[in-house]
Structures are given as structure tokens and as C-alpha cells.
Amino acid sequence: MTIRFSRNITRRRFLSTTAAAGAGLIATPYLSRAADRPVITHGVQSGDVGADGGVVWARADRPSQMLVEVATTESFKDARALPPINALPESDFTAKMLLENLPSGQDIFYRVRFRDLSHIDIASEPVVGRFRTAPGDRRDVSFVWGGDVAGQGWGINPDDGGMFTFSAMKKHRPDFFLHSGDTIYADSVITAEQKQPDGKIWKNVTIPEKAKVAETLAEFRAAHKYNFLDDNLRAFNAEVPIFVQWDDHEVTNNWSLSKQLPAAYKERDITLLAARAARAFHEMYPMRESIVEPGRVYRTLSYGPHLDVFMLDERSYRGPNGPNQQTSYGPDAYFLGPDQLAWLKRGLLNSRATWKVIASDMPLSLIVYDEAGKKGSEAFAQGDGPPRGRELEIADILRFIKTSGVVNTVWLTADVHYAAAHYYNPNKAQFQEFDPFWEFVSGPLHAGTFGPNELDNTFGPEVKFIKAPGLENQNLPPSAGMQFFGHVKIDGASGQMTVTLRDRADVALWSITLDPKPM
């Protein structure tokens, strides 16, 4: 059933999805705060799924306790009820729970309700979600990836089908979704109407908090909740677990310690903005929490014998954005930073998985400028020649992979708002101490389409495929059709990895099958 809603959504008129036990996922309108029952305001999510469990998330509309039941059948026969956890104003009424001790390779069904803390005999209607635990044997594995959601003012437009790419990805029934960052655009306002390049008017669903750049914790939270208003996204979240990382737009465009905030910001402290943004980000996604470093984004997620995913954080530890021309490694050249770099090396060396996917929120060799006029460096690359600045980290990790005998690494990224496949060939590189590898780029999922970017030859990238609008057609709206996601399938028997780049109409644009090297 499709929900019909006003284009103007107040901060309390959120939508929810409910489901009777075993009846599947059914969308229903929002109940007001004055109703007798609490309400699940933005559907359910699961994430960071492994062989024995995963994290589930939901949000209530008032102080509540989250009640979760878990089962291996859709009928919820023999369901196991878990101890309740609190959802309080301090976390914006969000709650997340780690489900443990589940069987591997199993479809898991979970049912969430919220019980009013003031009236514990009153609970919300339930919402049902599902995920599949990682296999213990060599079964097929598939996942989708992409980034860049609700950017450049292109918000939820019901006339265009909403965030339609999520519906296309859901059709593949992936084991999980790798979100490469820019989950929100905290620095982009969403107005009721926006003019498209062809002169037509794009009409957005709006909320008051998105009428300005996000500065307060409440405004950062609202930017995430805005995306959850979309029917496609909520339905996707209920069935596909998310492996999420962040990038710049969770805070503001191209942020680093050197960021000079534009006049739209009353708050002038970039570190304070980043702290608020990080809190909202961790509240709104079902991530496993680090005891070693609370709030850590980088982590390893293992999904069966064929796959380890190394989720990088290229924001929290970087030095200031600048020319990026350092010839020796030091704090000004940090991108991953020494601790994360050492963690990645250890993880790759110890991995027994067939494929090691390195999830990088920024591409390796596409030049992304920090400022207009081709000034400064936002990503790794800064121009042709030997490794300099942040490229010193990439040279280090590529050399380590080669000398340590690590095989079958693939890099996945987004950020640049177009689709591409890059083959890294040491014979054509300035730095040659590495084995050949692939990098695949997808996105945007729901934002303006840009590109192509300039390519840096330091590591010898060869463009094997590209789909971009061209420099004369920048910031195309989602309705132009140039929204992209990637689909990866690993064959359980052979271990072959097939990577396909697709558009939002689910048209396969380009594909390649990679044979694994013996370990």
C-alpha cells in the first residue's frame, strides 16, 4: 500500500510502518503523539550483520522501552523475547540492540515494539524486519553499494517515485547494503520547489529543519530522519542490513580541521559541528559500537568464508585539507592516520576470506578539489607524478599488500556522483610497487549527478568504464535517470566475484567477473 502524504511534513508528523505478526511489511499512516500508543516513527533497520547476529534499530515518539522478539520463521513460531532497552530523549528516542547467538546462514525475523515508560501496559503496533546472517560455509553472497543521498537539494519527490534507487536495489535481495557515505547532506537545504536544468520544477517533501544548514544536534538528527520519510528507503531498510560509513556531508562540504565555514553558519567551530554530526550519525544507524574507541567508524565486517569488508574512515583522522604535496609522511599528510593504517594492514594480513573488500569513502585517483578554482585537495590525489601527501598512505598499503602476499583485494567507493571502473596497472604507474587491482565507483543513490573528474596517474589507473553526464551537464536531478549503484555477487562454489554497475532503472551498464587467486 502506498502512503500518500503532504509535501510539507512538520517535525512531528512522521510516518511509520507496522506489521501484524507474520503478515509481512505493511505501511500505515502516522498516529499522533496524543494517541494512546507509542509510535515507531521511521521504520526499522538492521546492520553490521555477522555469522551469529546483527544490530537492530528503531525510533519511538516518546520515552519508551524497545521490545524485540527474534525468530527464524516469518510466523514467529517459537520467537525469543529479548530484555527491553530504553529509548530516551538523550538519544532522540532511538534505540539499538545487538542480537546474538543466532544460527549462521539463516533468515532472521525480528519484531519491534515500544512500551510507554509512563504506562508500561501500553505498547506500539509492531514493526517486522528481517536479515540474513553470514554463512558458515561457501554459499553465494551478494551485496549492493553506493552513496550520496538527498544532496544538492534533490529531496523526496513523490511525483518522481521518491528515492527510487532503493527500490531497484531491493529487487536483488542482497545480503547487505554497503553505504559508502554522504548518508545525508547536512549542508544542503531542501526547499519545496527546485528548478531543474530543463526548466521543469522538482517538488520536495519538506521539514522545517531542512530549511537551513544543520548546526544543532537536533538539525543533524532531522537530516537523517528526513531520508527515513521515503517509502522506498524504509521498505529497503526493513529487509536489507546496512554496513555504513561516513564522509564529509554528514557534517559539511569538504570538512577538515582547516575548514573555513561559509556565511550560512552561525556556529563557526568545525570541531563542534563534527562532534554533533558524529553523535547524530551513530544514533541513527545500527552499527556495532567499539569499546576501544567509542564512536569509531572503521571496522572489519566478515560475511562468510568468501568475504571480509574493511570499512575505512577517511574523515576523523585526516590532517587539514591543503595542497597535499608533502614528500614525507607526517600529520599534515594523514588521511587514514597511523593507527587506522596499522589496523588495515593487520586485518588484511590475518584475513582468511577469499575476497578482501576495502570500502573507501573516497576514490584513490580521482582528483577532488577542496575549493572552487581547482584549489586544494579533498581526497588522496592531487595530480600526476610520484606519491605525495596523502598518496604516501596509499603507496604504503599497496606496497604492504604486495610484499605480504595478500591477494584478492577490491576497492569500492562513491563520493564523485557517477559510475566508473578503474583498473590499476603498475606498468602504467609512477609508483609501481604493487600488484594490479580494481576500484569500482558508484552513486549517487539520490542526489545530483556530476563528473567526470580528472584522473591522477600516480598509481596507474585505467578507466575501463565510465557513465557521467559530462562537464556541460552538471548537477542532473534524479529524474534524469543517472543514479547509480553497484551489485556484487560472489559465487559460492568457484569464489568468482561478479561486479555490475547499474542505474536506478536497474539496467546493467557494465559488468566484469573476477577470478580469485589462490591463497
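Remark: Ser142 pairs with Pro174, Asp175, His487, Lys489 by the side chain to side chain contact (heavy atoms under 4.5 Å, CB included) rule, at least two apart or across chains.
In the model, Thr271 has a side-chain atom that pairs as donor or acceptor with a side-chain atom of Asp269 under 3.5 Å. No hydrogens or angles considered: nothing links the side chains of Ser316 and Tyr298 as a donor-acceptor pair under 3.5 Å. Using a 3.5 Å distance cut-off with no hydrogens or angles, the side chains of Gln496 and Asp491 do not pair a donor with an acceptor. Counting only N and O atoms by type, the side chains of Glu439 and Thr413 include no donor and acceptor under 3.5 Å apart. Residues Thr458 and Glu391 bring a donor and an acceptor atom of their side chains to less than 3.5 Å of each other. For the residue pair Arg390 / Asn321, a side-chain donor-acceptor distance below 3.5 Å is found, with atom types taken as modelled. Between the side chains of Gln152 and Ser188, not a single donor N or O lies within less than 3.5 Å of an accepting N or O.
Aromatic rings from His179 and Phe177 are positioned such that their centres are separated by under 6.0 Å. Between Tyr285 and His224, a ring centre-to-centre spacing shorter than 6.0 Å is recorded. Two rings, from Trp57 and Phe228, have their centers less than 6.0 Å apart. Taking the six-membered ring for Trp, Tyr423 and Phe437 have ring centres at least 6.0 Å apart. Annotation: Trp438 is in aromatic contact with Phe440 [ring centroid separation under 6.0 Å]. Ring-centre distance between Tyr334 and Tyr329: below the 6.0 Å cut-off. Two rings, from Phe459 and Tyr424, have their centers 6.0 Å or more apart.
The minimum heavy-atom distance linking Val251 with Ala186 is given by the pair O-CB, 3.5 Å. The shortest non-hydrogen separation linking Leu336 to Leu344 is CD1-CD2, 4.5 Å.
Remark: the backbone N or O of Gly460 is not paired with any side-chain donor or acceptor of Asn425 at under 3.5 angstrom. A donor-acceptor contact shorter than 3.5 Å is absent between the side chain of Glu454 and the backbone of Ile367. For Glu250 (side chain) and Trp246 (main-chain N/O), no donor-acceptor pair under 3.5 Å exists by modelled atom type. With hydrogens and angles disregarded, no donor-acceptor distance shorter than 3.5 Å links the side chain of Lys467 to the backbone of Asp503.
No side-chain heavy atom of Ser104 sits less than 4.5 Å from a side-chain heavy atom of Pro135. Taking 4.5 Å as the limit, every side-chain heavy atom of Pro516 sits out of range of all side-chain heavy atoms of Met497.
None of Thr449, Asp148, Thr165 except one satisfies the side chain to side chain donor-acceptor pair (under 3.5 Å) rule with Gln483; the exception is Thr449. Residue Asp435 forms a salt bridge (Lys or Arg N to Asp or Glu O under 4.0 Å) with just one option from Lys517, Arg399, Lys402, and that option is Lys402.
Listed by first then second residue, pairs satisfying ring pair (Phe, Tyr, Trp, His ring centres under 6.0 Å) with a partner in residues 374-409 read Phe335-Phe380, not counting sequence neighbours.
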Would you give me the side-chain donor-acceptor pairs under 3.5 Å for residues 346-360, sequence neighbours excluded?
from, atom 1, to, atom 2, distance (Å)
Asn350, ND2, Arg346, O, 3.1
Ser351, OG, Asp308, OD2, 2.7
Ser351, OG, Ala353, N, 3.2
Arg352, NH1, Asn350, O, 3.3
Thr354, OG1, Arg138, NH1, 3.4
Thr354, OG1, His306, ND1, 2.7
Trp355, NE1, Gly495, O, 2.7
Lys356, NZ, Ala353, O, 3.0
Lys356, NZ, Val407, O, 3.1
Ser360, OG, Glu314, OE1, 3.2
Ser360, OG, Glu314, OE2, 2.6
Ser360, OG, Met362, O, 2.6

